[in-house]
Amino acid sequence: MEEKSKPLVNSCNFMGVKPVMVDLPYPPIQVKEKNRVYANLLSIDYCGAVSEMTAITQYINNENRLSCEKCPVARTILGIAIAEMIHLQKLAELIFLLGGSINFVAKHQDGRQRMWTPEYMTIPENAEKMLMADIEAEKATINQYRMHIKMINDSCVNAVLARIIQDEEYHIMLLQMLIKEL
């Protein structure tokens, strides 16, 4: 005899999720002049170990794993991931304007080139550890952006990086609030 069971369903609805960002405009995406060295630095922010690509993928992974049991947390994480996608897009524009190429290869100053890999992600098992890993990744990203701002002598590029840092700091605050709510 066949048992009639209720299908398992994820009832978390992601309709209407918007980017989680500071409510401030971004500076124009422009550069003073082509500069491959600066483009290569931004390629690390784009797809290096500490990068927007890593952040997006880690957030999406966490959102997927939390959506069935912690929908509000998952929705917030998806909103953060969408903001990181916007950062990725702005970095791509800057890299292109600086004369670089968008190919998921981080180009380091020592000549090393490394294609992005999911090995860069941290994938803990429980929600609190996921959020803690996300906070640590945001802090590392902010530190890297600040280091790159010191290395880049282009006020146009640095203005965009400084604006991205504001979003990353906001993400840390939200992630800390989510941990308290768990």
Side-chain angles (χ1 to χ4, degrees), residues 17 19-22 26-27 29-31 34-66 76-124 129-154 156-176 178:
V17 173
V20 173
M21 305 168 72
V22 175
Y26 274 86
I29 305 300
Q30 58 191 12
V31 301
K34 288 188 182 281
N35 186 316
R36 302 267 313 183
V37 172
Y38 297 168
N40 289 346
L41 283 173
L42 295 184
S43 77
I44 296 167
D45 299 322
Y46 185 84
C47 65
V50 174
S51 69
E52 298 297 341
M53 180 62 66
T54 301
I56 292 163
T57 311
Q58 184 166 308
Y59 280 126
I60 293 296
N61 182 275
N62 290 346
E63 170 266 314
N64 287 328
R65 295 185 301 141
L66 293 172
T76 300
I77 289 173
L78 180 59
I80 293 171
I82 295 168
E84 304 296 0
M85 290 176 203
I86 292 168
H87 299 164
L88 187 78
Q89 190 273 332
K90 292 188 181 306
L91 289 172
E93 284 184 80
L94 289 171
I95 291 166
F96 178 78
L97 291 172
L98 288 165
S101 58
I102 311 302
N103 55 12
F104 300 104
V105 175
K107 297 153 191 87
H108 299 270
Q109 284 185 312
D110 63 4
R112 284 185 311 124
Q113 293 190 16
R114 179 103 196 255
M115 181 161 285
W116 185 86
T117 172
E119 292 172 0
Y120 295 151
M121 296 184 338
T122 302
I123 307 176
K129 288 182 180 176
M130 285 179 206
L131 297 175
M132 291 300 296
D134 292 340
I135 289 169
E136 290 309 308
E138 291 284 4
K139 288 178 180 178
T141 299
I142 291 167
N143 289 337
Q144 183 169 284
Y145 278 131
R146 287 185 176 144
M147 180 178 66
H148 288 170
I149 287 171
K150 289 177 184 173
M151 299 167 75
I152 294 172
N153 186 22
D154 184 323
C156 299
V157 173
N158 287 340
V160 175
L161 298 182
R163 175 59 187 82
I164 290 172
I165 287 172
Q166 291 178 303
D167 286 338
E168 307 300 16
E169 291 171 337
Y170 182 55
H171 296 164
I172 290 171
M173 183 192 72
L174 288 174
L175 292 164
Q176 289 170 333
L178 289 175

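FYI, the numbering just counts along the sequence from 1. This is a predicted model, so every value here is computed, not measured.
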Measuring only between side-chain heavy atoms, which start at C-beta, is Met85 closer than 4.5 Å to Ile60? yes

What pair of heavy atoms forms the shortest contact from Ala83 to Val20, and how long is it? CB-O, 3.2 Å

Heavy atoms from other residues, nucleotides or ligands near CZ of Phe96 exceed 12 (cutoff 6.0 Å): no

Could you check whether any side-chain N or O of Thr117 sits under 3.5 Å from a backbone N or O of Glu119, counting only pairs where one atom can act as donor and the other as acceptor? yes

Please check if the side chain of Thr141 supplies one atom and the backbone of Ala137 the other of a donor-acceptor pair under 3.5 Å. yes

Donor-acceptor pair, side chain of Gln58 and main chain of Thr122, under 3.5 angstrom: yes

Considering residues at least two apart in sequence or located in another chain, which fulfil the side-chain contact (heavy atoms from CB on, under 4.5 Å) criterion with Lys34? none

Could you work out, with salt bridge (Lys or Arg N to Asp or Glu O under 4.0 Å) as the rule, every residue matching Arg36, not counting sequence neighbours? none

side-chain contact (heavy atoms from CB on, under 4.5 Å) involving Asn35 - partner list, sequence neighbours excluded: Val37, Tyr38, Leu98

Supply the atom-to-atom distance Gln144 CD to Ile165 CD1, rounded to the nearest 0.5 angstrom. 10.5 Å

CG of Leu41 to CG of Leu91, rounded to nearest 0.5 Å, is 11.5 Å

Mind checking side chain to side chain donor-acceptor pair (under 3.5 Å) for Arg146 and listing every partner two or more places apart, or none if nothing turns up? Glu169

Test of understanding: with side chain to side chain donor-acceptor pair (under 3.5 Å), list the residues that count as partners of Glu138, not counting sequence neighbours. Tyr59, His171

Please check if atom CG in Asn64 has more than 12 non-hydrogen atoms from other residues, nucleotides or ligands closer than 6.0 Å. yes

Residues which pass side chain to side chain donor-acceptor pair (under 3.5 Å) with Arg163, listed by chain and number, not counting sequence neighbours: Asp167

Taking the side chain from Asn158 and the backbone from Ile152, do they hold a donor-acceptor pair closer than 3.5 Å? yes

